[in-house]
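Heavy-atom basis, side chains included; hydrogens, waters and symmetry copies ignored. By convention in this document, chain letters (A, B, ...) are assigned in the order of the sequence lines, proteins followed by strands, and residues within each chain are numbered from 1. Because the structure is predicted, anything quoted here is derived from the model rather than measured.
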Amino acid sequence: GGTNTDTEGAASAPAASSSEIRIDGSSTVAPLSAAAGELFKAENADVNVSVGTSGTGGGFKKFCAGETDISNASRAIKDEEAAECAAAGIEFTEIIVANDALTIVVNKENDWATCLTVEELNKMWAPEAEGTITSWSQIRAGFPDVPLDLYGAGTDSGTFDYFTKAINGEEGASRTDYNPTEDDNVTVQGVEGAQGALGYFGLSYYEENMDKLKAVEVDGGAGCVAPSIETAQAGTYAPLSRPLFIYVSKTAAARPEVLAFAEYFVANDEAITTKALFVPLSPEQVTAAEAAVAGLK
Amino acid sequence: MSDSSRSISTSDFSLRSSSPRIGERIIRGTLFSASAFSVLITIGIVWSLLVPAIEFFRQVPIMDFLTGTRWAPRFKPASYGVVPLLIGTLWTTGIALLVAVPFGLGSAMYLSEYASDKTRRRLKPVVELLAGIPTVVYGFFAIEFVTRVVLKDWMGLTVGTFSVLSAGLVMGVMIIPTVASLSEDALSAVPLAMRQGSFALGANKMQTTLRVVFPAAFSGIAAAVVLGISRAVGETMIVALAAGNKPNISSNPLEGAQTMTGFIANAALGDSRVGSLEYDTLFAVGLLLFTMTLIINFISIRLVRRYREAY
Amino acid sequence: MSVATNWSIEGKNHEKNFKSIIFLGVLWLSLFVAFLFLIILLVTTAMNGWGRYDMRLFTSYNNTTPADAGARAAILGSLFVVSVTALMAIPVGIAAAVYLEEFADRSKWYNKVIELNIQNLAAVPAILYGMLTLGILTILGLKNKNVVIGGSLALALLILPVVILTTREALRAVPQEIRDGSLALGATEVQTVTKQTLPAAIPGIATGTILAVSRAIGEAAPLLLLGALVFITYDPNGLLAGFTTMPIQIFSWTSAAQEEFKQVAAATSMLLLAILLSMNGVAIFIRNKFAKRW
Amino acid sequence: MTSESQGLSRGMHLGGSTRGEIVQPIMELRNLNVYYGDFHAVRDISLDVGANQITAFIGPSGCGKSTVLRCLNRTNDLVPSARVTGGIDYRGHDLYGPSVDPIEVRRRVGMVFQKPNPFPKSIFDNIAYGPRVTGMKLNKSETEDLVEHALSKAGLWSEVKDKLDQSGFALSGGQQQRLCIARAIATSPDILLMDEPCASLDPIATSLIEDLMLELVNDYTVVIVTHNMQQAARVSDRTAFFSAKIDDAGQRFGHLVEMDQTSKIFTNPSDSRTEDYISGRFG
Amino acid sequence: MTSESQGLSRGMHLGGSTRGEIVQPIMELRNLNVYYGDFHAVRDISLDVGANQITAFIGPSGCGKSTVLRCLNRTNDLVPSARVTGGIDYRGHDLYGPSVDPIEVRRRVGMVFQKPNPFPKSIFDNIAYGPRVTGMKLNKSETEDLVEHALSKAGLWSEVKDKLDQSGFALSGGQQQRLCIARAIATSPDILLMDEPCASLDPIATSLIEDLMLELVNDYTVVIVTHNMQQAARVSDRTAFFSAKIDDAGQRFGHLVEMDQTSKIFTNPSDSRTEDYISGRFG
Ligand SMILES: Nc1ncnc2c1ncn2[C@@H]1O[C@H](COP(=O)(O)OP(=O)(O)OP(=O)(O)O)[C@@H](O)[C@H]1O
Ligand SMILES: Nc1ncnc2c1ncn2[C@@H]1O[C@H](COP(=O)(O)OP(=O)(O)OP(=O)(O)O)[C@@H](O)[C@H]1O
Ligand SMILES: [Mg+2]
Ligand SMILES: [Mg+2]
């Protein structure tokens, strides 16, 4: 679109010598930043972008220690984390860069679970379920007696915080006898491997693996809704659709390449989200993001 | 005998050193520092594990840590019982030994007692190649081939993506060379005279191998196995990839489980906040792992020393 | 004239009895299983990587689109990190080995401690070296842990005991007569080491260090702790630059969502294996060529 | 150095007796040749080993004494490169015949080595090992009897009877060597080969072993290799003197110079090379 | 065995000459004791080494011949457990004096070992090594001259002059041993110690080395340890006979039985133990 002028302006800005933009944080958001980095680098060859995957919490830790320029987050920054940044003198700007729908996935051979209610999910994932809810037959009468094999986000990821809050009502409250992983892709393999398996992760990962997995519709009280770009943008895929963030350090944004990258990210959001298989921003979100970037200058 | 006054002496003859040889001393000093540096490394390891671990044990009683059966450091409510991780480690290590000990020992006996010199020189390096393969590649292989093809397709087992069986099997192959190579050394160290003694009594090769050479090399072989155990306990990438991340007290090797190393690797990817209790768990587990391998290794050194002293 | 009796020394062959044959068969099988595994591993990995054996692997950086992904940053990262590792570990390792083998008085307690300590370090799990390095870098005040010098340090600490042990082995293989001969001519001990013992042990030392360095190339666990699991699209260009390595890249691709990433992972595995096998090959060649000179 | 000062007991002092003269061959070597790979180490050896006699092999180092000795119980078969031509007749059987089982041979022709080589087992198990592997089915008390018998024969019983379960390594060098002899006796061999059995022993242990040999020869045939000419003179009935020559191709090889009654070899050898060697002019 | 048959050339046949009688001591051992850790291996040795003579140390194995020899150039210093008491006077200097540099000693007292031990270098570099490490500053042609001189002295020059750049390992055993002697000569030592220099050589090589020793003694002082009594008799001027005893505590230790002109030791020793040993009654 009309982004070229922006990027050209930005491209001339960075110093002639090669420079590095350090990004770390949520592994969910990482592909987004990586895609942005790839596209950005195509036009700014001398800028290096590295994207770590320490998880949202881990990312903020590094971010607030000044180790990174931009932090990827799959949830908004927490008060304690913000306080830590403030204590370290790191000012930042939050930018929503994409939408995601946490998709519940089951094994292809699972022909009984097509739609699950939030209550059923809670029954599965609540701390009380630990060691007691072990079979699908305990979830809903009529489900077969197939052992329940759960895969989910690692405890340091924003996804975990988000999911536990949405399903179990409190961040961090969850049964522990599931396969937690920082790497959502492990879940793909896990769920693919066992008939009674269930997991959750971002919509993009599901779309990548539609041939291996099956998505489950979620009933948040207003009927069964399938996860998709439309339902995510429209907010009807509740309560599991969420925005994804990047946090840009104001100190770092003083460096022209960081600022240019942030501008590029927002200006090319549609291309980036498409490349990374995420749900693009709605027009209102774009306006908000542009304003946030403008505030960095 | 002659009188000493008649001995030859020359006035300008001296046995003092012709130069002070300061360079020599500097070199010796440098070399010593290099080897003393290794002690610093150990101190460093202990220090880097102990400091955060002590912090951890201030909040979690050490007995709760060692005997607790629920490992959930990042959940609400959190609990810090390391037993599930120990059991995971026990599973993978045990399965690995079931593979490595018979096959490693069999290979060692063949190489040392049956193979010609030439054959041994060719085959031993090939076996040792197994030790040179990156453990990431092993892990990849465990998931892609052992679990999917061997366990699921060929054997028809109902096994998930992650299982201690698959990780253990592959890890067993990884430590075959450790067991084989060191056992072979121990077997070859048995003096030829002992074999000759046996043959001269009319024993055949199998009798000689099993009744004379094997018992004579026993402590060396035990050391090889013990070292294999310590490799298995400390191996990270195979279990991180193939055993899964679920702390699990299970009696079913087809299930996945998290090992101590697996936890450390996984937790490191997550990178909790420095100073938090969760962060310190990493070091508590690390310290436990270090202590375990230290003990195992001491046993192995003892055993090796015994067979070295025997001949 | 001979004392002929009716006994005989002919008879069933005691080497070819049932038990012996079974026993030999079992031994064969053990060795065969090891080889079989090696071959299957090579073949399946090679097949998994089919279609990705081209220049893209070397020229392209990692990419979110699997088809465009290459291992350039990882390959260069591995080479860079391992070179620095070798530069750190080999001189220190050889120096320590020379001290222990040629100068140390074994009856002194501190030498016994050092010796025991090195044997122990050799068995410390790799991942703990990552934790140690994490601690060292924190003390040094390095904010970013995933830097070349950090990775190299972790790997150097990891292989140092191996270098020391194999170098000692090589020095020990030099016959004592060589040293005696040199010392009896009035050479100092340092001269004897530098002019006789070390040169004579070079093949053994080379073999040992090559194997140690090849271990460093394949190692991932300690680097994982330093955060080397990053998406990087540039060449590592300095000791303080971020990096990733081949094993780490394989690890990350292995667990990636898209099936095509597994192809790249397998192709990179093959490259890594090729590097390691050739290093092992060189080491074995040196060992066989120069072995048994005395 | 005078001949009176030599400690010559059997072959020489009994030179006038019939021992060593009448030969009842239990083994006859006919044109024996041994090759190690391409190296033709020992050439054309023909000699007789007399039953119930002590035969000594002497000669300078490397002349093939051990090589020939090892042929007598086919332990050379265990050296992969070794190859033997010519024949050895053992009680009328060709030792290298195609249907001969070398293991069967070794059960009949025992061997004791230069360095005592007990097994890392108890004294008892050291002795019992041979009977066990050769498939003698003995019960506990039979085994005990056999162990006692063998140790007694080897003159070791009184010294070790209270510590049969101790390791064979715990004995002194001389005791270890007698243990090895006892071990060889326990399988009731026909012939006992000894390759420099006293080389690593002190004089006292040596003389004990020498006495033992003189005892054993009543029941067994003994062949010893020794570097110690005095020993050969003291104990043996007949002595074979080996030496080394260089052939036209420049290869060094061992051959038999002469074999005769020990007394004759030491006082009046037929070959001047023997005399040179014995008198110490070379070697 | 008669004394005529002995190949006695120097000490005995020249027994009537002045050699071996007049002793101009270049080294004097006074109550030398050597300990290995707690083990008091060698006790109270006092003897003189005569300048420009060949002194032979003989005696049964383990009696401390090598141990004493190694004291003469302080190579025992390299055995961590070894400790020496008593004194050695070397040209009027106390060899174990506090200001004495053992390295300096070894430059003056060269040593040749039982097994030829050439360095894994070219023949040329084997010889040039000593001068290089002892800090002689020689230019190329001086080095070449020295190498030629040393090899000539060792009787090896004509055999190797065309292959100086070949490895020292490529030589035969006897040549290697002469190379080692040449190597020792190249640093112009004062005394040459040889510990069983012919033990691993064949008779021909042995006789070459023996001739060489007789040559060398014109310029150097030579001390040899040998197991071969005939050799001691053939080459040495004076012979020290060592033996081993058991002390009250049951420890075996080496001591000097007697030292005298070689001819005397071999024909008319003062001590009966010497006679026993020489005549082969023990050992
Ligand atoms: N296993 C072997 N392989 C090759 N050559 C051998 C082997 N064993 C012996 N030889 C060679 O055969 C020749 C005869 O050796 P043998 O051991 O029989 O001599 P020997 O008379 O017993 O000498 P010694 O008195 O030193 O024991 C020697 O040249 C030796 O190097
Ligand atoms: N490095 C050492 N450590 C401990 N004991 C030693 C050492 N070297 C020699 N001995 C002991 O000192 C004694 C004398 O040994 P030495 O080697 O001097 O004897 P030798 O007369 O040269 O014997 P051989 O004729 O066998 O060479 C022996 O009992 C020997 O075991
Ligand atoms: Mg022999
Ligand atoms: Mg000696």
Item to complete: Output the distance between atom NZ (B:Lys246) and atom CG (A:Leu150), rounded to the nearest 0.5 Å.
Response: 7.5 Å
Discussion item. Within a 6.0 Å radius of atom CG on A:Asp79, are there more than 12 heavy atoms belonging to other residues, nucleotides or ligands?
Written reply: no
Worksheet entry | Heavy atoms of other groups near A:Lys214 NZ, more than 12 under 6.0 Å | yes
Worksheet item: To the nearest 0.5 Å, how far apart are OG1 in A:Thr176 and CG in B:Asn248?
Response: 10.0 Å
Fill in: Region of A:Phe60 that comes under 4.5 Å of a non-hydrogen atom in chain B
neither
Worksheet, complete the sentence: Turns out that what part of A:Asn179 lies under 4.5 Å from chain B's heavy atoms comes down to both
Response to the item:
Turns out that what part of B:Leu241 lies under 4.5 Å from chain A's heavy atoms comes down to neither
Fill in: Heavy-atom proximity to chain B below 4.5 Å, by part of A:Gln195
neither
